[in-house]
Number of protein chains: 2
Amino acid sequence: MTNLSEEEFLWAKQVYFERCAGCHGTLRKGATGPALTPDRTTAMGTTALSAIIFNGTPRGMPDWGKQGFFTPEQIDILARFLQQEPPAPPEMSLEQMKNSWRLLVSPAERPGAPATKRNWQNYFMVTLRDVGQVAVIDGDTYEVVSNVDTGYAVHITRMSATGRYAYVIGRDGKLALVDLWMETPTKVAEVQVCYDARSVEVSKYEGPEGDFTDRLAVVGCYWPPHFVILDGQTLEPMNIISTHGYTVDTKEYHPEPRVTSIVVSHYKPEWIINVKEIGQIWLVNYVDPFAPQIKMLRAARYLHDGGWDASRRYFLVAASQSNKVAVVDALEGKIAALVDTPKIPHPGREANWIDPEFGPVWSSAHLGDPAIVSIGTDPEGHAESAWKAVRVTPLPGAGSLFIKTHPNSQWIWVDMTLKPDPVLARTICVIAKQQPTELYRCWEASSYGRAVHFEYNAAGTEVWVSIWGDASKPGQTGEIVVYDDATLTEKAHIPNLITPTGKFNVFNTVGDIY
Amino acid sequence: MTNLSEEEFLWAKQVYFERCAGCHGTLRKGATGPALTPDRTTAMGTTALSAIIFNGTPRGMPDWGKQGFFTPEQIDILARFLQQEPPAPPEMSLEQMKNSWRLLVSPAERPGAPATKRNWQNYFMVTLRDVGQVAVIDGDTYEVVSNVDTGYAVHITRMSATGRYAYVIGRDGKLALVDLWMETPTKVAEVQVCYDARSVEVSKYEGPEGDFTDRLAVVGCYWPPHFVILDGQTLEPMNIISTHGYTVDTKEYHPEPRVTSIVVSHYKPEWIINVKEIGQIWLVNYVDPFAPQIKMLRAARYLHDGGWDASRRYFLVAASQSNKVAVVDALEGKIAALVDTPKIPHPGREANWIDPEFGPVWSSAHLGDPAIVSIGTDPEGHAESAWKAVRVTPLPGAGSLFIKTHPNSQWIWVDMTLKPDPVLARTICVIAKQQPTELYRCWEASSYGRAVHFEYNAAGTEVWVSIWGDASKPGQTGEIVVYDDATLTEKAHIPNLITPTGKFNVFNTVGDIY
C-alpha cells in the first residue's frame, strides 16, 4: 500500500528534497547514495525501506529514526513516497531568476575606495550554518564586524579577484554579494538562481583577452542541473548553461548531472566546472559570457570537491564513486591523470606542502578511510611521484572532513568531524611536515560540539577552528578557537556564534592559498 | 472523454512520432507547428482538435483527413491522445548504438585505390525516399551503378573529404557508409544513433592540428536531442553530446532542442551545429572527439537548414520562427549578423552568385512567401549590401523548397514543389543572373508528380531535377530529368526511379559548391 494523501505527499517531497536529494539525487538516480527509483524501491517494499531509514547503513546512510529526526509514522510515509515515481522538480527560467534579483546598493552608490580603516583583506567570512547568515570577522581584532543575511545553510563564500566582494552561496540557491569596502560590510545584491546549489566562483583573468577583475560570477547548481553566469557587480543573471549529458563511462543519458565544485584559473579566462553524475570536467572560457566556449573533459564519476596544486597549474578533484582523484592540467586544457586512492576521497580545497621524501604533494582527507592521502604534484622535479598516491598517514578513525596547511607553516591540521564518538568529533590533530608518517599531536578543541574546518589568517601565523554547536543551546551554539600556528597554543576565542562552520579568509581565498 | 485503450494509445503514439513530431516536437513543445501540450489541447477539446487534423490550417498543417490518410475514427483517437501528457520517449545509450553497429567490410578489406574505372567523383547519390535506399548514379553515363539499402526516408548524404565515402542518414537515425571506390559501391558499415535524425557531416581539416581527412563523422539527431561523433571509417560511435539547454531569447529550459543542419569548416577542425529549439549555433572543435570543445553562439529560434557563402567563411542559416537568417563568421567564431527576411525562410544549402547591382549574394527560397530573397555576403567589397536582404525576386506563388546554381552558370534554378496546383508543383523556373528582377523562363519538367531539388554535375554543365512520383504507380514512380545548363534543353532521362528526391554530386558536395 503506497498511496499517500496529498498532505503526506507534499511533506515527503519537501523532506526528501532537504534530507535525501543531496546523496540520492532529486530524480533519485543515485550518486553518493544508491538509486531509489521505483523499480528498486518497490522490490524492497515499505518494511525494508523503513528499516533503513530508521537504522541507517554502514555505507553512510544516517540513522534518521534512531537519531530522532523522524517518527516511525513519518518514516512509513517516506518509505511509501519512495515507491512512487519521483515528482518532476520545477525548472527555473532567466525570468524567474530576474524576478528574485535585488540590487540593494548600485555600484555607483558604493565607495570608490575602502571606507573602513580595518584591515579588510584579513576579514574572515564565517558561515553561520543554521541561521542563514555569514559573520564578517576582523582577523586582526577578532571582532564580528557584521552579520549578513544570506541564503540558507551557506555552503561556501568566494572573493572577487581584488577581494573587495564576497559571494556567498546558500544551499537554497540564493547568492548574496557583500561589499567589504563599506564601513560595515553590507549585502549589496542578491538573487536566486537554483533551488539547490553548492558552488560559486568569480572571474580573475586580466591579460590580452580583457580585464575580468571583479567582473563575473558563476553559480553551480544541484537542481536545476545547470550553471549560471552573472554580472559580478550586480548579480544580474546573464546566461544559463545546462549540464544534461551522457555519463563518462557507460555513455548513458543522465537527467540530473549536478555541478559540484568550480574553480577559476589564475592564468586563463576559464572556469573549471565539475559535473558530478556524468563525471565530466568542463573548461568554460568566459570571455564572452553570452557565448561561452566549453571543453568537455572526461574524468570519472562522481566528481565532488577539489583544489589547486601549489603551482596552480593543476586542479585535483575527487571522484568519490570511483575512488579516484582526477588531475586537470589547466594550462594544457586536458586531464593529466586519474589517480587511484583509498575509499571515498572527500577533499575541500585541501593542503599543498613539501613532503621530505616525495617533494610537492597535495593531501586530502577521506570520508571512508582513516587516513590522509598525499599525491605527488611535481611531474618535472619528482616525476616518479607525480600523480601517484605516495603517502598514507593514518588517523585514529574515518570521518575527517577537512585538512589545511599554509606555505609558511610546519603543520598540517585535520578534523574528525563526522566521528560518532563525541570526544573524537571535537578533537583536532596536527601532522608535522618533517615527520609525516604519523600524527604529531591531537587534542580536544572544545568541551562541546564538533570541531570542523580550518582557515589561516592572511599572514599564515594563526589557525581558526570552528566549534559547531547546537543553535538551540545558549552558551553552546558555537564559537571559533584561534591558535598560534607556531606553538599550537590557544590564542583567542570568538564566542557565541551560532553553528559556525566554513571560514574564508579574504586574502587566502583570493590567492587560493592552501 | 480522453481515455484510450492500450492499443489505441500505442497506435497514436507511433503515428504522432511519424507524422506530427517533426513540426510539433516529440514532447509537443512546438516548433514549426504550435505547442500541443495538455494545457492547450484540453482547452481546445476533442472536436476542435479533430477538425484541425481533418481539415488542416492555412499556416501549414496538412489536411490529413481530407487527403484520406486517416479515418474520422482514427482522427478521434489522435485528438484524444493529444489531450494526454506526452509519453516520455526513450533515451539511447552508447551501448544501444553499439548493439546496432555493423561493420560489414572492414577498412583493411576495402580497396587501396579506386577499383572502378568509372568517374566516381561525378557520381550522384540519389535519395529514393519511399524505399529506404539511395541510388548511386554515374553522372557521365546516367547508369544506376548501385542501389544501396539505407535508413528510411533518407534526409541527406554527405561525402568524406576525399569524396571516397558517402554517409547516408535516414530519418530513422540509421547511418549508412558507402564506399565509392568499390567496383560496385557497397554499404560497408551501418549504425543507428537516434530514433529520428536529419543531418550528417564529416571531418575535413588537414593542418597543424592534425589530418582529419576521412576520419570522423557526426550525426545530428531530432530525438534524442543530441549529436553523436563516430569513427568515419567504421561508424563506431565514439561520443554523445546532449543539446538540452536554455532558449536563446527567454532563457527557458527546453527538453527537446533538436539538431537540424550541420556543416563542416573548410579551414578549421570544426563543425557548425544548429540547435533548433534553443536558437543556438554550436561551434564544435573535433580535434579530440572524446573531449570536444564547444562554443555556444546565440542566434534565433528556430534554426533550420543553411549553407556557406561563396568564400566559405560565412555560414548562413534560416531561423524560421524569427523570420531571420543568422550569419556565422566561421573564421572569427562569432555571429556576424542576424538578417531580417520575409516569412519562413527554408533554405537547403542555397545559391551563391554575383548580383549585377549588389555583388556577391546568397539566395534562399521561402516556404511562406512567393519569392527568392538574396542577402549580400561581401562585407569587404560591398559593405552597404552586406548582411541585408537586398533583393526579392517574385515567384508565381509560395511553396518553393530548393534553389540552386553553380559558379559557371548564368542561371538560378527554383522549384515549387509544395504548390497545391499539380501543374505548378511539377513546374520549374530559372532566373537569369544578369536580370534578377524577374523569372526568365518556367516550364513543366514532367507530365506527373512534383519536381523537386536540383543538383549540378561536377563540371557544372548539367542540372539534374527529380520527378517525385508515386511508389504505387508503375511508370510514374519517378525519374530524373537532366538539362543542359547552357541551353536549358532536356539532355537525358533516368527513368523508373522510386520517389527520387535529394541528389548529391560527389565533387560538388565535397567542395560545398552551390
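Just so you know, these numbers come straight off a predicted model, no measurement behind them. Just so we're on the same page: letters track the sequence lines, and every chain starts at 1.
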[atom1] of [X]: more than 12 outside heavy atoms within 6.0 angstrom?
| X | atom1 | answer |
| --- | --- | --- |
| B:Glu332 | CD | yes |
| A:Lys251 | NZ | yes |
| B:Lys295 | NZ | yes |

Which heavy atom of A:Ile240 sits nearest a heavy atom of B:Tyr246, and at what distance?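 Result for this residue pair: CG2-CE1, 3.3 Å.
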I need the minimum non-hydrogen distance between B:Leu94 and A:Thr250, along with the two atoms involved.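 So the two residues come closest at CB-O, 4.0 Å.
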Given that the side chain runs from C-beta out, which part of [X] has a heavy atom under 4.5 Å from chain A: side chain, backbone, both or neither?
| X | answer |
| --- | --- |
| B:Asn239 | both |
| B:Glu91 | side chain |
| B:Met97 | neither |
| B:Tyr253 | side chain |

Q) CG of A:Asp288 to CZ of B:Arg298: how many Å apart, nearest 0.5 Å? A)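 Answer rounded to 0.5 Å: 7.0 Å.
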Region of A:Pro224 in contact with chain B, defined by heavy-atom distances below 4.5 Å: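 Only the side chain of A:Pro224 comes within 4.5 Å of chain B.
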Based on non-hydrogen pairs under 4.5 Å, which of A:Ser242, A:Ser93, A:Pro237 is most in contact with chain B?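 Most heavy-atom pairs under 4.5 Å with chain B: A:Ser242.
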query: Top residue by heavy-atom pair count (under 4.5 Å) with chain B, among A:His226, A:Glu95, A:His244?
result: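 Greatest number of close heavy-atom pairs with chain B: A:His244.
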Pair A:Ile294-B:Met296, side-chain contact (heavy atoms from CB on, under 4.5 Å): steps then yes or no: CA-CA 8 Å; A:Ile294 303 174; B:Met296 300 172 173; 3.6 Å; yes
